[in-house]
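Everything below concerns the one structure shown next.
Numbers here simply count residues along the sequence, with the first being 1.
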Amino acid sequence: MTISVFDLFKIGIGPSSSHTVGPMRAAASFALALREQGLLGRIRRVQVRLYGSLSATGVGHATDRACLLGLMGQWPDRIDPATIEPRIGQLMQERCLMLDGSHPLAFDYDRDMLLLDESLPYHPNAMTLEAQGEQGLLFSQTYYSIGGGFIVEQGEIDAPRDDAHRVTLPYEFSSADQLLALCKAHGLSVSQLMMANERAWRCEEDVRQGLLGIWSAMRECVANGLRNEGTLPGGLNVKRRAARLHRSLQELGKPNVIGSTLSAMEWVNLFALAVNEENAAGGRMVTAPTNGAAGIIPAVLHYYMKFNPDACDDDVVAFLLAAAAVGILCKKNASISGAEVGCQGEVGSACSMAAAGLAEVLGATPAQLENAAEIALEHNLGLTCDPVGGLVQVPCIERNAIAAVKAINAVQMALRGDGEHFISLDRVIRTMRDTGADMHANYKETSRGGLAVAFVEC
Ligand code: SF4
């Protein structure tokens, strides 16, 4: 499996990478396939079947709406979030789905959107789309949303692509040990090695511009989060906090106001809250590496850029590349999906990635970087996924702020050492995988355990 930095950082919409972005991409791919096969004009009905976790928390995560938008030919990186409500409202009112944006089709939500109490064996996030004509089934496809917006078709599982289709990387690595050995053997930092690998897909200038585009989207998301106020959608009546906190932190900068000695940490909290509130509201954001955990990396990068007067675009590129190296290790050797391994796979992986990115730009050796990533992940082990009401709000929003601060602390600890430490990052990632395998299904994005059932609405 070859994974690019642009697989881990994708511009999308909230609130969930596995439950919103992935299903929307799957449905848009389905609509595209119908167009390419010349079937659009023959279709009389489309049915969506959601299984497992997609069904259990699908409405809270807007999976159903994401599928409808995808069937309309909309993609998560291109859709204007402001058009989502009107599009869905019109569909529900007129009971008409504009398939691929061009073919009107009668759509009865209760009949055609099925949230099933069943699971498919390959992955908990499964969905099947069916297109029927006058004479019966015309085309069907099953998709798995495997975390971080990645989707896999059933056909790819039944008949994996052969090695001829694989991109060959100059510095292929599947473990942190291999990564460190390659850095040492070739005299490269982690970000330099990652840049060399990225050049297998695109030239260096394109990688650089692409990553600066990701950073720009992260900044825009924070700016929106600092501006927008009110209550988050979904019925829990969770109030947005970022705008108010921002005003209060700006006050701290004025003379004669007694400020917190921990104001840098409060700014980190602020950046994370801003991103995750935007995500919860279905806004434009960057999957990093998932939506639920999307606030951690931007918060730590904003912290570095705000408090380091010498910070520049080169640092942004190096930060994101080094963070992606650790994301690749987590994805290859465990999972970044809450439905597979619980929140340790989402917030834990993002925390570890953020620590790697910050360590890189603060001048850590590859060994110190690995140590920082290890500390950050180790102290997220066992973290369950139990979002109240199936919404990516409680505990997700605050959890990102806590993890962002944790990532910074992990870097501080690692930079005080020489990179030598007791448990390797590889072992911690394996432990995350094994802990996830042992974790009861109630704690894997089903909202059937933990805080999700402790909350009683009154
Ligand atoms: S609890 Fe963690 S894994 Fe679950 S939805 Fe929230 S952020 Fe994602």
Side-chain angles (χ1 to χ4, degrees), residues 2-15 17 20-22 24-25 28 74-84 148-151 167 190-228 271-272 274-276 278-279 281-291 293-306 308 311-328 331 336 349-350 353-354 356-358 360-361 400 404:
T2 47
I3 303 171
S4 160
V5 63
F6 296 106
D7 293 322
L8 293 162
F9 298 119
K10 293 189 285 287
I11 296 173
I13 54 163
S17 50
T20 318
V21 175
M24 188 168 169
R25 293 183 67 220
Q74 297 295 319
W75 292 82
D77 55 332
R78 288 172 234 157
I79 191 168
D80 175 357
T83 68
I84 292 176
F150 288 81
I151 53 167
V167 171
V190 171
S191 62
Q192 288 169 336
L193 182 145
M194 282 293 294
M195 178 60 93
N197 279 352
E198 288 298 319
R199 287 201 297 264
W201 284 283
R202 46 186 77 77
C203 73
E204 185 160 332
E205 187 51 24
D206 286 356
V207 176
R208 193 182 149 75
Q209 290 309 320
L211 290 175
L212 292 176
I214 293 288
W215 171 229
S216 170
M218 285 177 173
R219 278 184 300 160
E220 196 181 321
C221 180
V222 166
N224 290 339
L226 298 185
R227 194 174 48 245
N228 293 328
F271 297 133
V275 171
N276 288 88
E278 271 307 287
N279 178 58
R284 163 79 62 234
M285 37 71 63
V286 176
T287 298
T290 63
N291 282 32
I296 299 163
I297 289 168
V300 175
L301 185 49
H302 270 81
Y303 158 79
Y304 175 79
M305 299 300 280
K306 180 174 177 65
N308 180 354
C312 62
D313 284 354
D314 288 347
D315 293 337
V316 170
V317 172
F319 183 110
L320 294 175
L321 286 169
V326 170
I328 288 168
K331 174 136 184 67
I336 57 169
S349 297
M353 292 169 69
L358 183 62
E360 180 77 352
V361 293
N400 275 253

Just to verify, what does [X] make a side chain to side chain donor-acceptor pair (under 3.5 Å) with, not counting sequence neighbours?
{"X": "Asn291", "result": "Asn279, Thr287"}
{"X": "Thr20", "result": "none"}
{"X": "Asp77", "result": "none"}

Exercise. Would you check, one step at a time, whether the test side chain to side chain contact (heavy atoms under 4.5 Å, CB included) holds for Ile13 with Met24?
Key: CA-CA 10 Å; Ile13 54 163; Met24 188 168 169; 3.8 Å; yes
Quiz item: Who passes ring-ring contact (aromatic ring centres under 6.0 Å, His included) against Tyr303, sequence neighbours left out?
Solution: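 So Tyr303 forms a ring-ring contact (aromatic ring centres under 6.0 Å, His included) with Phe307.
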What residues form a side chain to side chain contact (heavy atoms under 4.5 Å, CB included) with [X], not counting sequence neighbours?
{"X": "Ala293", "result": "Thr290, Ile296, Glu346, Val347, Ala350, Asn400"}
{"X": "Ala325", "result": "Phe173, Leu179, Val190, Met194"}
{"X": "Asp315", "result": "Tyr304, Ala311, Cys312, Val361"}

Self-check item: Non-neighbouring partners of Arg202 that pass salt bridge (charged side-chain N to carboxylate O under 4.0 Å, His left out), sequence neighbours left out
Solution: Glu198
Quiz item: Arg208: what forms a salt bridge (charged side-chain N to carboxylate O under 4.0 Å, His left out) with it, not counting sequence neighbours?
Solution: Asp314
Self-check item: Donor-acceptor contact below 3.5 Å, side chain Arg78 vs main chain Gly12
Solution: no
Between side-chain atoms of residues 213-225 and protein atoms elsewhere (two or more places apart, or another chain), which donor-acceptor pairs fall under 3.5 Å?
from   : atom 1 : to     : atom 2 : distance (Å)
Asn224 : OD1    : Arg227 : NH2    : 2.4
Asn224 : ND2    : Glu220 : O      : 3.4

